[in-house]
Amino acid sequence: MDRAWALVQERAAATGGHLAVVTHGLVCRSLAARHLVLPDGLDVPERWENTALTIIDHPAPWRVRLLNCVTHLDDDAAAQPLSSSGVV
């Protein structure tokens, strides 16, 4: 995981925009527990939902803006844009 995280950091630094990383929930959990700064009052989820979205602001300290979010699966939410800040 540490080598994969180092690669993500390198790619994020090299891109001029956003970087999407698609992975499994256990990888997300490991990254959240070991490398990311979660908002006050939130703990690392025991399990990630299927197709969950997590948004991380970079560069370091790699703060989580959106954590394990599945609102995009709701019919009503699909028509609404994601919040630019805050935690769901």
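The chain is numbered in sequence order, starting from 1.
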Residue set satisfying side-chain hydrogen bond (donor to acceptor under 3.5 Å, both in side chains) with R47, at least two apart, ordered chain then number -> E49
All heavy atoms of V70 vs all of A52, minimum pair found to be CG1-CA, 3.8 Å
Here the gap from L36 atom CG to L38 atom CG, rounded to the nearest 0.5 Å, amounts to 7.0 Å
Open item on the list: Would a single hydrophobic cluster contain both L42 and V44, if residues Ile, Leu, Val, Met, Phe, Trp and Tyr are joined by side-chain heavy-atom contacts under 4.5 Å?
Closed with: yes
dist L31:CG -> L26:CG (nearest 0.5 Å) comes out at 11.0 Å
- Query: Are W62 and L19 co-members of a hydrophobic cluster defined by side-chain heavy atoms under 4.5 Å apart?
  - Reply: yes
On a heavy-atom basis, the closest approach of N68 and T54 is N-OG1, 3.0 Å
Of all heavy-atom pairs linking L67 and D43, the shortest is CD2-O, 4.2 Å
(message) For a 4.5 angstrom cut-off between non-hydrogen side-chain atoms, does T23 reach W48?
(response) no
Residue set satisfying side chain to side chain contact (heavy atoms under 4.5 Å, CB included) with S30, at least two apart, ordered chain then number -> M1, R34
- Output yes when a side-chain donor or acceptor of R29 lies under 3.5 Å from a complementary backbone atom of P45, and no otherwise. yes
Sequence neighbours excluded, the answer for side-chain hydrogen bond (donor to acceptor under 3.5 Å, both in side chains) partners of E10 is none
